[in-house]
Amino acid sequence: MAKKAMANELRVSMTLKGCFNQHASCRARDTANDADFRELTHALALDPTPTKVAGVPSWFRQGFYGGLGLALLIGLFLIWLWQPERQVNRHTENFLRTIEKRNWTGVADFIGNDYQDQWGDDRARVLERMREVLRYLRRIRIDVTNAAVRIDSQRGYWNAKIIIDGDQGEVMALIKERVNSLATPFELEWRRQSAKPWDWELVRVSNASLEIPEALQ
């Protein structure tokens with residue numbers, strides 16, 4: 001019995017020594033391959049194999065793709081908004097609304113330094129003339145009909161019939177008589193000043209049928 005016990009003890013000692021002489025990864029692999037160990041880990045609902053690093057959280061993925069989709073929509077909207085035809089049309093609408101409000105600083109921002117119209121007005125003169133006329137009017141509204149835009153390289157041409165209305169008076173009656181009755185449309189010529197898609201300035205206004213009396217020149 002004593003010899004058998006010593007033999008078992010020696011066998012166990014050699015087994016343990018061999019186990020501890022193995023690399024940790026080898027011991028882990030052998031342990032994971034052991035049938036009893038697998039059965040125990042299965043009972044405890046454990047995975048004996050090394051686990052992989054968890055993936056990106058779902059909320060992060062959703063936020064990322066949501067932000068990407070929003071950026072794409074904004075990009076498409078800006079492409080649509082910055083089309084030359086739409087920019088010329090919007091600039092003209094804002095220009096006319098600014099005149100209605102008598103915001104002369106804002107009006108000046110729309111007009112290019114090299115502005116020249118068919119009546120011989122430059123930038124300074126056309127601003128002065130608008131102030132002179134509109135100071136006699138309490139309210140003014142500018143409507144347009146049949147607006148059309150044509151783009152030629154870096155220039156845009158806005159054409160439409162302009163209808164002016166407002167509080168009744170001698171000056172308003174004169175404006176209506178001379179402007180609202182015109183058969184030909186007004187043409188506003190805009191020029192793109194730089195690579196920026198929104199950088200347009202008014203450089204000319206014309207209407208073949210509109211004549212300004214010499215007294216107003």
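Throughout, residue positions are numbered sequentially from 1 according to the sequence presented. Everything numeric in this text was worked out from a predicted model, so none of it was measured.
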Any donor-acceptor pair under 3.5 Å from Asn207 side chain to Pro185 backbone: yes
One should read off an interatomic distance between Leu202 CG and Trp158 CH2, to the nearest 0.5 angstrom, of 10.5 Å
Is the Lys NZ or Arg CZ of Arg150 less than 6.0 Å from the centre of Tyr157's six-membered ring, within 45° of the axis? yes
Pairing donors with acceptors under 3.5 angstrom, does anything connect the side chains of Thr98 and Asn103? no
Looking just at side-chain N and O atoms, do Glu85 and Asn89 make a donor-acceptor pair shorter than 3.5 Å? no
Would Arg129 and Glu132 count as a salt bridge (charged side-chain N to carboxylate O under 4.0 Å, His left out) here? Give the steps. CA-CA 5 Å; Arg129 177 169 287 177; Glu132 290 176 352; 5.6 Å; no
Answer yes if Leu182 and Ile163 sit in the same cluster of Ile, Leu, Val, Met, Phe, Trp and Tyr residues linked by side chain heavy atoms under 4.5 Å apart, and no otherwise. no
Working to the nearest 0.5 Å, report the span between CD of Gln193 and CD of Gln154. 9.5 Å
Just by modelled atom types, is the Thr92 backbone N or O under 3.5 Å from a matching donor or acceptor in the Trp200 side chain? no
Residues Met130, Val107; criterion side chain to side chain contact (heavy atoms under 4.5 Å, CB included); working and verdict: CA-CA 10 Å; Met130 282 191 287; Val107 171; 3.6 Å; yes
So if you build clusters from Ile, Leu, Val, Met, Phe, Trp, Tyr with side-chain heavy-atom gaps below 4.5 Å, do Val203 and Leu96 land together? no
Any salt bridge linking Arg204 with Asp117? Criterion: basic side-chain nitrogen under 4.0 Å from a carboxylate oxygen. no
Basic-acidic side-chain contact under 4.0 Å: Arg97, Glu100: yes
Taking Glu128 first and then Arg131, would you say they form a salt bridge - that is, a charged N and a carboxylate O separated by under 4.0 Å? no
Taking the side chain from Lys101 and the backbone from Gly106, do they hold a donor-acceptor pair closer than 3.5 Å? no
When you measure from the side chain of Asn180 to the backbone of Ile164, do you find a donor-acceptor pair of N or O atoms at a distance under 3.5 Å? yes
Quick check on Arg138: does its CZ atom have over 12 non-hydrogen neighbours (other residues, nucleotides or ligands) under 6.0 Å away? no
Side chains of Arg86 and Gln83: is there a donor and an acceptor less than 3.5 Å apart? yes
Show your working on side chain to side chain contact (heavy atoms under 4.5 Å, CB included) between Val171 and Leu134 and close with a plain yes or no. CA-CA 9 Å; Val171 176; Leu134 295 184; over 6 Å; no
Treating Arg192 as the side-chain partner and Ala195 as the backbone partner, does any N or O pair qualify as donor plus acceptor under 3.5 Å? yes
Kindly indicate, with the supporting measurements, whether the criterion side chain to side chain contact (heavy atoms under 4.5 Å, CB included) is fulfilled by Leu137 and Asp167. CA-CA 7 Å; Leu137 303 175; Asp167 291 350; over 6 Å; no
Looking at Asp114 and Arg191, is any side-chain nitrogen of the basic one under 4.0 Å from a carboxylate oxygen of the acidic one? yes
Salt bridge check, Arg155 against Glu189: does any charged N sit closer than 4.0 Å to a carboxylate O? yes
Could you give all pairs that pass the ring-ring contact (aromatic ring centres under 6.0 Å, His included) test and reach residues 169-199, with sequence neighbours left out? Trp82-Trp198, His91-Trp190
Begin from the C-alpha positions of Glu187 and Val205 and carry the test side chain to side chain contact (heavy atoms under 4.5 Å, CB included) through to its verdict. CA-CA 6 Å; Glu187 180 176 86; Val205 175; over 6 Å; no
